[in-house]
Amino acid sequence: MVKKWTKVVAAVAMLAMLFVVAACGSGTKKEAAKSDAPKADKKIVLGFSQVGAESEWRTANTESIKAAAKEAGIELKFSDAQQKQENQIKAIRSFIQQKVDVIAFSPVVETGWDDVLKEAKAAKIPVILTDRAIKMSSGNAEDYYVTFMGSDFVEEGKRAAKWLVDYMKKDNEPVNVVELQGTVGSAPAIDRKKGFEEVLKDHPNYKIIKSQTGDFTRAKGKEVMEAFLKSAQAEGQKIDVLFAHNDDMAIGAIQAIEEAGLKPGKDIVIVSIDGVKGAFEAMIAGKLNCTVECSPLLGPQLMEAAKDLMTGKQLPKRILTKEGVFPAEVAAKELPNRKY
Ligand code: GYE
């Protein structure tokens with residue numbers, strides 16, 4: 001009889017314990033279901049659509065993003081668009097379908113993103129712009145991304161022109177400039193041109209006599225420079241200066257200038273933008289006169305932003321990159337410090 005009672009008591013106690021455990025369990029579940037905020041400890045999935053591999057800058061940018069994702073323990077879905085907007089749109093749509101936590105992309109051109117960004121917004125997936133800005137055909141672009149991190153391209157164009165005017169010290173004689181533009185319709189091509197021209201407005205003796213796109217690549221930079229040299233010769237014009245929207249096009253143009261029997265950096269003064277190692281080497285060789293820095297090392301701040309988003313932190317709409325100007329005189333000293 002006593003034994004029987006002990007068994008009953010034990011059974012009741014067990015049931016009670018089970019009840020407590022179950023109650024606790026369901027409590028936690030309820031709480032988790034209650035908060036919509038993604039958990040900070042879950043592995044974040046980031047879809048990134050890259051422009052392509054058109055320049056040394058872009059390669060360094062890709063490496064920075066891949067390395068920083070690994071370091072931060074973020075799962076990166078990386079897609080290379082080979083400089084085609086349609087490929088970027090496809091990649092972003094596939095990220096939406098896969099329900100990634102965050103989408104980031106470096107838009108190859110400024111316009112044409114309305115539909116896909118509306119789709120991302122409808123799917124409630126936050127979008128981060130890296131490196132390049134966008135324009136919407138209707139509505140406010142800022143409503144479609146959480147933050148835009150990257151350089152001030154207008155400022156870079158201004159820096160290139162200010163350096164040039166200082167260096168040339170020619171206030172009265174005419175100075176003939178040729179310009180190699182970046183990808184047509186891209187934010188850096190539009191803004192660098194704008195900044196450069198803004199400064200030259202106050203120096204009317206500087207004239208941009210030819211301006212064409214070299215699509216940010218060495219091969220195109222060389223090809224277009226060859227055409228510039230030929231037509232200038234046919235028209236009896238002297239080219240004094242080359243302004244290239246990136247270092248790679250300047251490096252391609254240097255080859256064209258040498259093949260035409262001229263001395264780059266001397267017969268034609270050259271200023272470009274990015275500050276990649278190739279530019280420092282060209283400066284040390286005396287073939288390039290100045291590079292304006294544009295840092296591609298956006299990986300760490302992109303990962304930080306993705307993490308902040310997941311923990312519900314508010315991000316500033318604009319995260320600006322800090323950068324400088326490097327004339328040829330400091331190239332040899334600076335080259336060992338360059339990280340890209
Ligand atoms: O200057 C160029 C690259 O968007 C800042 O793209 C970037 C530019 C960079 O291809 O080299």
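When a ligand or atom number is given, it counts from 1 through the structure's own listing order.
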For this session: State which residues pass side-chain hydrogen bond (donor to acceptor under 3.5 Å, both in side chains) with S186; sequence neighbours excluded, sorted by chain then number.
Result: none
Seminar exercise, completed: Partner of P264 under side-chain contact (heavy atoms from CB on, under 4.5 Å), picked from L288, N289, V269, I270, is I270
Problem set entry | is_close_aromatic(F105, W113), centroid dist under 6.0 Å | yes
Seminar exercise, completed: By chain and number, the residues contacting ligand 1 below 4.0 angstrom (heavy atoms only) are E54, S55, W57, R58, D131, R132, F153, P188, R192, F216, N246, D274, C294
For this session: Applying side-chain contact (heavy atoms from CB on, under 4.5 Å), run through D240 and V177 and close with a yes or a no.
Result: CA-CA 6 Å; D240 301 303; V177 181; over 6 Å; no
Exercise. Would you say the side-chain atoms of N61 and Q50 include a donor-acceptor pair closer than 3.5 Å?
Worked result: yes
For this session: Establish, from distance only, whether the side-chain atoms of S49 and Q88 form a donor-acceptor pair under 3.5 Å.
Result: yes
